[in-house]
Structure formats: structure tokens, C-alpha cells
There are 2 protein chains.
Amino acid sequence: METELKRGFLVRQRAFLKLYLLKMIEANKRYGTQFLDDLRTEFKPYGYHPTHSEIYKTLHELTREGWVRREKKLLGEPGVDFQEIIIYHFTEKGKQEYELYRKQMKVELDRCLGLLNQAMSDHYGPIKRK
Amino acid sequence: METELKRGFLVRQRAFLKLYLLKMIEANKRYGTQFLDDLRTEFKPYGYHPTHSEIYKTLHELTREGWVRREKKLLGEPGVDFQEIIIYHFTEKGKQEYELYRKQMKVELDRCLGLLNQAMSDHYGPIKRK
DNA sequence: GCATGAACAAATTGTTCATTG
DNA sequence: CAATGAACAATTTGTTCATGC
């Protein structure tokens, strides 16, 4: 899973989403489509609209690597009786990996911010602080 | 050339490099390999090591779109008599396009910084300022 | 060997189709 | 029809090979 963390230029979408999904899984009780909706809402101001496919692929990856396990459930909403959803829970391994991953991603995000700020400064003058 | 500017998630490497190359071309009198070396040096602290292929492809793109014209020259270094290099100069169109592109990229880089700062704040608490 | 260029390959992401309850 | 999943397509980027002095 190390290979996904950095790529020289900017952080990859998949790695970025993974960080968010892990956090959301930690908070429990949500499922794929809701993750997607929440993320789209949060990122809307930045013009970033993730696709459902990226979300699911990231969740599959987390499952494949044993960071989370899946629990099938029925969406218990009034009127909707038989919609199956999948809830994700951390495994023991996953908890530990998350902790580590979170730390690594801090470094990575810092690096990306550094790169972008450098560009800002190179092309638009020194960074303005409020 | 609009399609390259943004892609929802983070700015693409090509768009990022283009901004730098345009600036370097404006400063005149350098050629491909030197651009590459300069960029690698500048980005080294950020662990970003662009490839020669990306640089050339970007330069070709600028040429194809008529932003720059190419001038073949002999690298006038002592001892090296016949090494051909290519110097890039802006076209009239290119000067104008660069001005516009620079402005657009400011918006784009701001957006990316926003997204990354949001992630920082979401996962590691409020942004620290010095 | 250095600068350039292009072919090719891999990686990443997005679009569309399929399934299941 | 909502949620999930997978096939497939496109895009983006990197690696390798080629060429001309």
C-alpha cells in the first residue's frame, strides 16, 4: 500500500480519498453512497466532484488489504424495506494501519502544499498571510 | 487548451509544468534540458523529479498551439562545437495566451490549495500559521 | 555523449453497463 | 429504483528506444 502514497508530483486522488474514507469508517454507520454524497458536498466549494467508482474502488481496496471488513445490512428506512447496504468496520490491523497512514499522509499533504505554495510564490509573488 | 487546466481533483502535472516553462521561455535563452535541470533542482526539496519526456511534450504542445516558435541553435560551449539545441521564443499570440493562462492558473492553484488545506484541517486540525 | 523526439507501456481515473434485492 | 460492483474506455504520465550531431 506504500506505492499509492506518493508519486512525485501531487498526491493521487485515491490516496486522498482513502484518508477521508478511513475517517468516515471510523465514525461508523455510513455506507458507500453516503460517503460519496458527503464528500461531494464537502468538496463542492473546490469544484471537486468524486465519482462513485473511485469511492467503491477505494473501499474494495481497503477490504482486500484487510483494513476493514464488510457487513451487509438492510437500509432500515421507512418505506424502503429491502435495500441492501454495506457497512464497513475496522479490523484490528486496520486500526493500526490507519494510524500510520494518517501520519504518512500528513507528510504527503505538507509536501504538496509546499509544492503549490512554491509555485504560488514563483508566479504570483510571496504568499500572503492574513 | 482549456481542457488541461482543471480536472476536478488536483491540477495536472502538465498544466503545472506549462506554467513554469512559459515563465522560463519568457526569461529567454534556455533550452529543454536546462529547463529540466532547473525544475528538478527547484523541486528537489519537494521530492518532485519531473521527467524529460513531460518537459518535451509540454514544449511540443506549446509549439503546436502556436504559443512559441522554435529556433535551432548550436550550443556555443567551448569544446562542444556541434551540439544542436532548441531555443523557444514567444509568438505574439503566445504572449497574450500566457498572460491569460497565468491568471487562470492562479485560480486553479488557489483551488488546489483550498482543497489540500481543507484536508489538513479535516484530518489534522486547524491550519497553523506562523 | 548530449539534446531532442517518439514509441510504447503503465498507471490512474472516468463512463458505462450489469446485478441484486 | 438505490446501492453496489465490474467492464471498459480514456487520459495522463513514465520508461524505453531512436536519432542527429
Side-chain angles (χ1 to χ4, degrees), chain A residues 1-18 21 29-40 43 47-64 68 70-88, chain B residues 1-18 21 29-40 43 47-64 68 70-88:
Chain A
M1 202 155 234
E2 325 74 41
T3 55
E4 284 154 13
L5 204 57
K6 44 163 83 179
R7 69 160 168 189
F9 185 50
L10 296 176
V11 63
R12 287 185 254 169
Q13 185 180 190
R14 179 73 63 91
F16 184 88
L17 285 177
K18 191 184 293 179
L21 289 172
K29 302 297 169 202
R30 316 216 78 186
Y31 55 94
T33 300
Q34 286 202 340
F35 292 148
L36 181 63
D37 289 344
D38 290 357
L39 291 173
R40 284 180 171 170
F43 298 137
Y48 171 38
H49 187 83
T51 65
H52 89 272
S53 154
E54 267 304 297
I55 301 293
Y56 283 117
K57 279 187 278 185
T58 309
L59 290 171
H60 297 341
E61 194 177 299
L62 290 173
T63 307
R64 231 185 307 115
V68 299
R70 296 152 50 97
E71 179 195 5
K72 294 198 179 182
K73 263 196 147 180
L74 292 179
L75 176 58
E77 285 193 354
V80 189
D81 299 330
F82 28 63
Q83 179 61 65
E84 223 180 25
I85 61 176
I86 291 171
I87 303 281
Y88 292 85
Chain B
M1 203 154 230
E2 323 75 39
T3 55
E4 285 154 14
L5 204 57
K6 43 164 84 180
R7 68 159 168 190
F9 185 49
L10 296 176
V11 63
R12 288 186 254 168
Q13 184 179 190
R14 179 73 64 91
F16 184 89
L17 286 177
K18 190 184 293 180
L21 290 172
K29 302 296 170 203
R30 314 218 78 183
Y31 56 95
T33 299
Q34 287 202 341
F35 292 148
L36 181 63
D37 289 345
D38 290 358
L39 291 173
R40 283 180 173 172
F43 298 136
Y48 170 39
H49 188 84
T51 66
H52 88 273
S53 154
E54 267 304 298
I55 302 294
Y56 284 117
K57 278 187 280 185
T58 309
L59 290 171
H60 297 162
E61 194 177 299
L62 290 173
T63 308
R64 232 185 305 115
V68 299
R70 296 151 50 97
E71 179 195 6
K72 293 198 180 183
K73 263 195 147 184
L74 292 179
L75 177 58
E77 286 194 354
V80 189
D81 299 329
F82 27 64
Q83 179 61 64
E84 224 179 25
I85 61 175
I86 292 171
I87 304 280
Y88 292 85

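The shown structure was predicted, so the numbers you read here are calculated from the model rather than taken from an experiment. Convention: sequence-line order gives letters A, B, ...; per-chain numbering from 1.
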Q: I'd like to check the ring pair (Phe, Tyr, Trp, His ring centres under 6.0 Å) partners of A:F35; sequence neighbours left out, ordered by chain and number.
A: none
Q: Measure the distance from CD on B:Q13 to P on D:dT11 and round it to the nearest whole Å.
A: 18 Å
Q: So, does B:Y31 get its side chain near the phosphate of C:dA3, meaning an N or O under 4.0 Å from OP1 or OP2?
A: yes
Q: Checking only heavy atoms, does the side chain of A:K57 share a donor-acceptor pair with the base of C:dG14 at less than 3.5 Å?
A: yes
Q: Which part of the nucleic acid, if any, lies within contact of B:L59, taking any heavy atom under 4.0 Å across all strands shown: a base, the sugar-phosphate backbone alone, or nothing?
A: nothing
Q: Could you walk me through whether B:L21 and B:L39 satisfy the side-chain contact (heavy atoms from CB on, under 4.5 Å) test, starting with their C-alpha distance in whole Å, then the side-chain angles of each, then the deciding distance to 0.1 Å, before giving a yes or no?
A: CA-CA 9 Å; B:L21 290 172; B:L39 291 173; 4.3 Å; yes
Q: Can a side chain N or O of B:R70 be found less than 4.0 Å away from OP1 or OP2 on C:dG5?
A: yes
Q: Would you please say whether a donor-acceptor pair under 3.5 Å links the side chains of B:Y56 and B:T33?
A: yes
Q: So if I take every side-chain heavy atom of A:T33 and compare against D:dA3, C:dT13, D:dG14, which nucleotide ends up nearest?
A: D:dA3
Q: Rounded to the nearest Å, what distance is computed from the CD atom of residue B:E54 to the P atom of nucleotide D:dT11?
A: 15 Å
Q: Which heavy atom of A:R30 sits nearest to which heavy atom of A:I87, and what is that distance?
A: O-CD1, 3.9 Å
Q: Tell me the interatomic distance from A:I55, atom CD1, to C:dG14, atom P, rounded to whole angstroms.
A: 10 Å
Q: Is there side-chain contact between B:L62 and B:Y88, with at least one heavy-atom pair below 4.5 Å?
A: no
Q: Tell me the interatomic distance from A:L10, atom CG, to C:dT13, atom P, rounded to whole angstroms.
A: 11 Å
Q: Can you tell if the side chain of A:Q83 reaches within under 4.5 Å of the side chain of A:L74, non-hydrogen atoms only?
A: no
Q: Of all residues at least two apart in sequence or in a different chain, which pass the ring pair (Phe, Tyr, Trp, His ring centres under 6.0 Å) check with B:F16?
A: A:F9, B:Y20, B:F43
Q: Where each residue is assigned the nucleotide of DNA chain C containing its nearest heavy atom, which of B:Y56 and A:T51 is assigned the position nearer the 5′ end?
A: B:Y56
Q: Polar atom pairs between nucleotides 16-21 of chain C and protein, under 3.5 Å, N or O only, would you list them?
A:
| unit_1 | atom_1 | unit_2 | atom_2 | d |
| --- | --- | --- | --- | --- |
| C:dG21 | O3' | A:F82 | O | 3.1 |

Q: Please report, rounded to the nearest Å, how far the P atom of D:dT4 is from the CZ atom of A:F35.
A: 9 Å
Q: Expressed as a whole number of angstroms, how long is the span from B:Q34:CD to C:dT4:C1'?
A: 14 Å
Q: How many Å lie between CG on A:L62 and C1' on D:dT4, as a whole number?
A: 16 Å
Q: Can you tell me how far C1' of C:dT4 sits from CD of B:E71, to the nearest Å?
A: 16 Å
